[in-house]
Amino acid sequence: MLGNFSYHNPTKLYFGEDSLSNLKTELANYGKNILFVYGGGSIKKSGLYDEIITILNECGKNVAEVAGVMPNPTSDKLNEGVAIAREHKTDFILAVGGGSVCDFSKAVSVSVNCGDDPWEKYFIRFEEPTCEIVPVGCVLTMAGTGSEMNGGSVITNHEAKLKIGHVFGDDVMPKFSILNPRYTMTLPKYQMAAGIYDILNHICEQYFSGEDDNTSDYISEGLMKSLIHSSRIAVENPQDYEARSNIMWTATWALNTLVSRGKSEDWMVHMLGQAVGAYTDATHGMTLAAVSLPYYRYIMPYGLKKFARFATEVWGVSAEGKTDEQLANEGLFAMESWMKEIGLVMNISELGATEDMIEGIADATIILNGGYNVLDRDEIVQILKASM
Ligand code: NZQ
Ligand code: ZN
């Protein structure tokens, strides 16, 4: 741990099958006017909507709703949400859904009391909130993004063809999150697999950087091993509570800043995936899966030792008599076969990307410099072509 860093995470978590029973106590800490935010209807089908409404009524809250938050929430929907939140004089935002609903709620929370256009202020100019932030709490129904315990908020602007994330500070992070693995069991297999890959990739984005001996990397390896193990069980039997609970807990720790402490971070798979998402509106985890192997195979020579370690420590590849290069290749082959086994999409054309989009996707890809090699635009185009 060679760097200097701080670590603080203010989000309180309630985990397990009985976790919703804590909602009442938490809500007692906030005012009467609640903005209840949810997605396209899965919580109505599952019955969670009714349970939440009952609790809100029992608490004597005055409820307004923002329904229909779509996967990859848009700037237009954000403006709509902000207007409803203002009209309702919102004291507290309750997000019930996946990462999209949680991200959207955070974006509303920093915009209600702010006069500027939120897309321009937070996602183009990357400014920090200077207005009063409305507190947010989450009831999570999908494991993947880590939004339940971080300050991230990703918004898509279809007109500008951009999908951009802003990582806000402690004040924007959920005050509490309720994590009941049982809620994730109604997810379609496609979404479950996408969420699992999102988790693995969050860890990889923080693992593939640096050369020092760092405790964060050992924690990452443990999380990845648990995730891979549980994913295989969950794909066979999505109703396996133990596996689904491990996946949910891993998701939270994969992206709540713990495993990035003392390290630089890569995040280029996410930059590529988000640009693909801006053009195709595809499921986040699948966009990552589709660009990952071409990207990792491209940068592997620059971080050979870490890729070799990834092979032995995460995928159990035997090191006997092998060079680092052989090991690194075998590790990525092991990852590829696991990705196919759990049903991930392996190329961007299957997600709707076409040859004529490549240049635009490359333009929409933000280039970062924390990984083993800083790409230039030509290399981005090359990786995107290899992902077709
Ligand atoms: O809208 P509903 O009807 O609820 O359906 C959703 C949606 O169609 C469905 N779903 C969620 N829980 C369900 C369920 N269906 C049945 N049963 C359940 N229990 O799943 C679909 C996808 O939901 P969504 O919330 O979009 O998925 P996810 O959690 O993967 O969130 C994706 C968004 O998060 C952003 C992504 O870019 C994307 O916009 N990210 C946020 C991050 C963060 N805050 O740190 C980091 C990530 O890297 C990511 O970029
Ligand atoms: Zn992600």
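When reading the values below, keep in mind they use all heavy atoms of this one structure, side chains included, and skip hydrogens, waters and symmetry mates. Counting convention: from 1, in listed order, for ligands and their atoms alike.
Proximity of I43 to ligand 1, defined as any heavy-atom pair under 4.0 Å, is not found for any part of the residue. Contacts with ligand 1 closer than 4.0 Å are made by no heavy atom of K45, backbone or side chain. With a heavy-atom cut-off of 4.0 Å, H270 touches ligand 1 through its side chain alone. Within the 4.0 Å heavy-atom criterion, both parts of L187, backbone and side chain, lie near ligand 1. Contacts between N150 and ligand 1 below 4.0 angstrom, taking non-hydrogen atoms only, involve the side chain exclusively. Looking at M185 against ligand 1, nothing comes within 4.0 Å, counting heavy atoms.
Among all protein heavy atoms, the one lying closest to atom 17 (N) of ligand 1 is T186 OG1, 2.7 Å. Taking atom 2 (P) of ligand 1 as the reference point, the nearest protein heavy-atom neighbour is G40 N, 3.3 Å. For atom 36 (C) of ligand 1, the closest non-hydrogen atom on the protein side is H284 CG, 3.6 Å. Protein heavy atom at the shortest distance from atom 29 (O) of ligand 1 is G99 N, 2.7 Å. Scanning the protein heavy atoms around atom 30 (O) of ligand 1, the nearest turns out to be M142 CE, 3.3 Å. Distance from atom 37 (O) of ligand 1 to its nearest protein heavy atom, with residue and atom name: K163 NZ, 2.9 Å. Closest to atom 34 (O) of ligand 1, if we only count protein heavy atoms, is T145 CG2, 3.3 Å.
Restricting D198 to its N, O or S atoms, the one at the least distance from the Zn ion (ligand 2) is OD1.
Under the 30°/60° scheme for interplanar angles, the aromatic rings of W338 and Y197 are found to be tilted. A tilted orientation is assigned to the rings of Y298 and Y302, their planes being inclined by 30° to 60°.
Both the sub-6.0 Å distance and the 45° axial angle are not jointly satisfied by K12 relative to the ring of F176. Under a cutoff of 6.0 Å and an axis angle of 45°, R297 and F333 form a cation-pi pair.
With rounding to the nearest 0.5 angstrom, the CG atom of N369 is 11.5 Å from the OG atom of S209. To the nearest 0.5 angstrom, L162 atom CG is 10.0 Å from T365 atom OG1. Residue L384 holds its CG atom at 12.0 Å from CE of M357, rounded to the nearest 0.5 Å.
When I164, V110, L78 are each tested for a side-chain contact (heavy atoms from CB on, under 4.5 Å) with Y122, only one passes: V110.
Between S226 and N246, the side chains place no donor N or O within less than 3.5 Å of an acceptor N or O (distance only, hydrogens not considered). In the model, E148 has a side-chain atom that pairs as donor or acceptor with a side-chain atom of T252 under 3.5 Å. Judged by distance alone, the side chains of Y218 and E313 never bring a donor and an acceptor atom under 3.5 Å apart. Checking D76 against T74 by side-chain atom types alone, no donor-acceptor pair falls below 3.5 Å. Between the side chains of Y14 and E26, a donor-acceptor pair is found at a separation under 3.5 Å.
Ligand 1 places these atoms under 4.0 Å from at least one heavy atom of L255: 45 (O), 46 (C). Against a heavy-atom cut-off of under 4.0 Å, G41 is close to the following atoms of ligand 1: 3 (O). Residue P71 approaches ligand 1 through these ligand atoms, each under 4.0 Å from one of its heavy atoms: 7 (C), 8 (O), 26 (O). The distance from ligand 1 to the heavy atoms of Y183 drops below 4.0 Å at these ligand atoms: 19 (N). Within ligand 1, the atoms closer than 4.0 Å to a non-hydrogen atom of G39 are 1 (O), numbered from 1 in the order shown. Against a heavy-atom cut-off of under 4.0 Å, N72 is close to the following atoms of ligand 1: 38 (C), 39 (O). Contact atoms of ligand 1 toward D103: 34 (O), 35 (C), 40 (N), 41 (C), 42 (C), 43 (C), 44 (N) (distance under 4.0 Å to a heavy atom of the residue). Against a heavy-atom cut-off of under 4.0 Å, S147 is close to the following atoms of ligand 1: 44 (N).
Considering each of S42, G144, G68, the one bringing a non-hydrogen atom nearest atom 4 (O) of ligand 1 is S42. The residue among A95, A194, S100, G273 with a heavy atom at the shortest distance from atom 26 (O) of ligand 1 is S100. In this comparison of N256, T141, L288, T184, the heavy atom closest to atom 11 (C) of ligand 1 sits on T141. Considering only non-hydrogen atoms, atom 20 (O) of ligand 1 lies nearest to Q191 out of Q191, R182, M286.
Ligand 1 lies out of reach of G97, whose nearest heavy atom is not under 4.0 Å from it.
Taking any N or O of G152, backbone or side chain, at least one lies under 3.5 Å from an N or O belonging to ligand 1. Any N or O atom pair closer than 3.5 Å counts here, and S153 shares no such pair with ligand 1. The shortest N/O to N/O separation between V101 and ligand 1 does not fall below 3.5 Å.
Here F5 and Y7 keep their ring centres 6.0 angstrom or further from each other.
Summarising the local packing, NZ of K44 is surrounded by more than 12 heavy atoms from other residues, nucleotides or ligands at distances under 6.0 Å.
Geometry note: the Zn ion (ligand 2) is the vertex, H202 NE2 and H270 NE2 are the arms, and the angle is 90° (rounded to 10 degrees).
Note: the hydrophobic cluster containing I380 also contains Y296 (ILVMFWY, side chain heavy atoms under 4.5 Å, direct or indirect links).
In this structure, atom 6 (C) of ligand 1 has its sub-4.0 angstrom surroundings free of protein heavy atoms.
The side-chain heavy atoms of E336 and M346, taken from C-beta on, include a pair separated by under 4.5 Å.
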Would you sort out whether K106 and N150 count as a side chain to side chain donor-acceptor pair (under 3.5 Å), showing the intermediate values? CA-CA 10 Å; K106 290 179 219 171; N150 70 36; 3.1 Å; yes
